[in-house]
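In what follows, a structure is listed as structure tokens, so that the remarks can point back to it.
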Amino acid sequence: MTDPAGHASVGNEANRGPSAAGGDTGVTEAVQKTVRKRDSAGTRARILNVATREFANRGYEGARTDDIADRARINKRMIYHYFSSKELLYLAVLEAAYERARSAEQKLDLDRLEPVEALTRFTEFTFDSFVRDRTFINLLATENRQRAKVLKKSARVNMMNSPVIDAIARIITRGHAEGTIRAGLDARQLWVTIIGICYFFFSNVYTLSVIFDADMESPDSIAERRAHVVEFVLRGVKA
């Protein structure tokens with residue numbers, strides 16, 4: 001209703017209070033929920049990032065939730081709020097590490113390359129990934145010492161490995177059809193071989209440096225090893 005001057009009456013405005021103000025309230029609540037969700041995601045990501053460094057540097061037993069909380073600038077209770085336990089936090093770290101590795105591999109778009117070029121690119125990428133960051137190597141070393149007792153509880157890791165192995169299988173099939181890749185190759189075995197010869201060098205680089213009395217981490221040593229690994233793989237797969 002309006003008064004004779006055309007203004008809304010106070011009584012009517014009061015009666016319309018919930019619906020009139022409801023729009024602003026709804027927008028405010030939505031904004032607040034978005035902010036809380038963003039803050040929650042940020043906190044969880046920060047915990048995960050710090051935990052990754054701690055587990056990689058100190059191993060599962062050596063990493064302490066108190067230190068993770070301090071470095072993540074949170075109350076220790078927040079770790080258990082987001083991850084329930086130290087073990088589940090560690091499992092989340094492992095799964096995230098696998099997911100990063102597999103996601104990066106998929107971006108190579110190997111199906112668009114010629115078979116030999118695709119295997120070359122995958123081998124170089126795998127080697128270079130260990131040059132850039134040893135975090136994954138350290139996490140794998142810890143979990144292998146524990147006989148993968150935590151990783152066994154993951155429902156995701158098996159699915160993460162399938163795409164790249166399937167991609168290698170397609171490379172082998174295409175290469176065999178055009179006569180550039182030899183017959184009899186198994187995609188999973190080839191994947192393990194490529195990962196293995198790249199992994200071993202970096203997981204043992206310090207002891208190798210002592211044994212050979214040489215700096216195996218020098219740019220020249222790394223370049224020499226990279227070239228050898230790529231040549232070795234190609235000689236093993238070419239028709």
Side-chain angles (χ1 to χ4, degrees), residues 48-63 90-108 110 113 116-152 154 156-158 160-165 167-168 171 185-237:
L48 202 58
N49 287 338
V50 172
T52 298
R53 292 196 300 269
E54 290 296 304
F55 286 126
N57 292 334
R58 302 176 185 275
Y60 178 75
E61 297 298 337
Y90 175 58
L91 178 57
V93 165
L94 289 174
E95 288 180 336
Y98 272 97
E99 186 170 16
R100 283 193 300 274
R102 299 295 87 88
S103 295
E105 288 169 348
Q106 290 183 54
K107 291 178 182 177
L108 295 175
L110 299 175
L113 303 175
V116 173
E117 183 184 358
L119 287 178
T120 300
R121 185 171 183 182
F122 177 70
T123 304
E124 290 174 341
F125 169 83
T126 301
F127 189 91
D128 292 343
S129 70
F130 293 139
V131 174
R132 291 190 298 270
D133 187 8
R134 313 289 168 81
T135 299
F136 199 19
I137 286 179
N138 293 339
L139 290 172
L140 290 176
T142 293
E143 191 57 9
N144 275 293
R145 284 197 301 271
Q146 300 188 131
R147 300 189 177 186
K149 73 174 186 178
V150 176
L151 195 62
K152 287 176 183 177
S154 173
R156 301 172 54 206
V157 169
N158 287 341
M160 290 180 197
N161 275 326
S162 297
V164 69
I165 294 175
I168 290 176
I171 291 169
L185 289 171
D186 178 83
R188 184 170 63 177
Q189 292 294 346
L190 179 56
W191 179 80
V192 171
T193 296
I194 294 172
I195 298 294
I197 59 177
C198 293
Y199 176 91
F200 177 85
F201 177 77
F202 292 102
S203 67
N204 295 273
V205 70
Y206 302 113
T207 51
L208 290 173
S209 294
V210 173
I211 291 171
F212 296 125
D213 191 24
D215 181 7
M216 301 301 287
E217 284 194 292
S218 71
D220 287 344
S221 294
I222 288 176
E224 182 181 5
R225 180 62 187 173
R226 184 181 191 267
H228 172 80
V229 166
V230 172
E231 181 186 16
F232 187 84
V233 170
L234 295 183
R235 282 182 178 273
V237 302

Just so I know, are the side chains of [X] and [Y] near enough to count as touching, which here means a heavy-atom distance under 4.5 Å?
X      : Y      : value
Leu151 : Tyr98  : yes
Met216 : Arg225 : no
Val233 : Thr193 : no
Val229 : Phe201 : no
Gln146 : Glu61  : yes
Arg53  : Thr135 : no
Phe55  : Thr142 : no

- Of all pairs that satisfy side chain to side chain donor-acceptor pair (under 3.5 Å), the ones with a partner from residues 205-214, not counting sequence neighbours: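 Found none.
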
How far does [atom1] of [X] sit from [atom2] of [Y], to the nearest 0.5 angstrom?
X      : Y      : atom1 : atom2 : value
Gln189 : Ile165 : CD    : CD1   : 10.0 Å
Asp220 : Asp215 : CG    : CG    : 9.5 Å
Thr52  : Leu139 : OG1   : CG    : 6.5 Å
Tyr199 : Phe136 : OH    : CZ    : 9.0 Å
Glu105 : Phe125 : CD    : CZ    : 5.5 Å

Heavy-atom closest pair, residues [X] and [Y]:
X      : Y      : value
Leu185 : Gly236 : CD2-O, 4.3 Å
Ala96  : Leu48  : CB-CD2, 4.2 Å
Arg58  : Ala63  : CB-N, 3.8 Å

- Item | Test log, rule side chain to side chain contact (heavy atoms under 4.5 Å, CB included), inputs Thr123 and Phe232 | CA-CA 10 Å; Thr123 304; Phe232 187 84; over 6 Å; no

- List for me each residue that meets side-chain hydrogen bond (donor to acceptor under 3.5 Å, both in side chains) alongside Ser218, sequence neighbours excluded, and say none if there are none.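 Counting only residues at least two positions away or on another chain, Ser218 forms a side-chain hydrogen bond (donor to acceptor under 3.5 Å, both in side chains) with Ser221.
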
- Residues which pass side-chain hydrogen bond (donor to acceptor under 3.5 Å, both in side chains) with Arg226, listed by chain and number, not counting sequence neighbours: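 side-chain hydrogen bond (donor to acceptor under 3.5 Å, both in side chains) list for Arg226, sorted by chain: Asp128.
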
- Mark yes or no for whether Glu99, through its side chain, and Met160, through its backbone, hold a donor-acceptor pair below 3.5 Å.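 Checking the backbone N and O of Met160 against the side chain of Glu99, no donor-acceptor pair under 3.5 Å is found.
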
- Message: Tell me whether Arg235 at atom CZ has more than 12 heavy atoms from other residues, nucleotides or ligands lying less than 6.0 Å away.
- Response: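 At most 12 heavy atoms, drawn from other residues, nucleotides or ligands, come within 6.0 Å of this atom.
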
- Message: Please check if the number of heavy atoms outside Arg188 that lie under 6.0 Å from its CZ is greater than 12.
- Response: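 Not more than 12 within 6.0 Å, no.
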
- Derivation of the ring pair (Phe, Tyr, Trp, His ring centres under 6.0 Å) call for Phe202 and Phe127: CA-CA 9 Å; Phe202 292 102; Phe127 189 91; 5.0 Å; yes

- Query: Taking NZ, NE, NH1 and NH2 as the nitrogens, is one of them in Glu124 or Arg121 under 4.0 Å from a carboxylate oxygen of the other?
  - Reply: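 So Glu124 does not pair with Arg121 through a salt bridge.
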
Residues forming a salt bridge (Lys or Arg N to Asp or Glu O under 4.0 Å) with [X], sequence neighbours excluded:
X      : answer
Glu117 : none
Glu217 : Arg134
Arg100 : none

- Can you check side chain to side chain contact (heavy atoms under 4.5 Å, CB included) on Leu190 and Leu119, steps first, answer last? CA-CA 10 Å; Leu190 179 56; Leu119 287 178; 4.1 Å; yes

- Using the six-membered ring wherever Trp is involved, compare the ring planes of Tyr90 and Tyr60 and label them parallel, tilted or perpendicular (cut-offs 30° and 60°).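 Rings of Tyr90 and Tyr60: tilted, 30 to 60°.
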
- Message: Could you walk me through whether Val157 and Glu95 satisfy the side chain to side chain contact (heavy atoms under 4.5 Å, CB included) test, starting with their C-alpha distance in whole Å, then the side-chain angles of each, then the deciding distance to 0.1 Å, before giving a yes or no?
- Response: CA-CA 7 Å; Val157 169; Glu95 288 180 336; 4.3 Å; yes

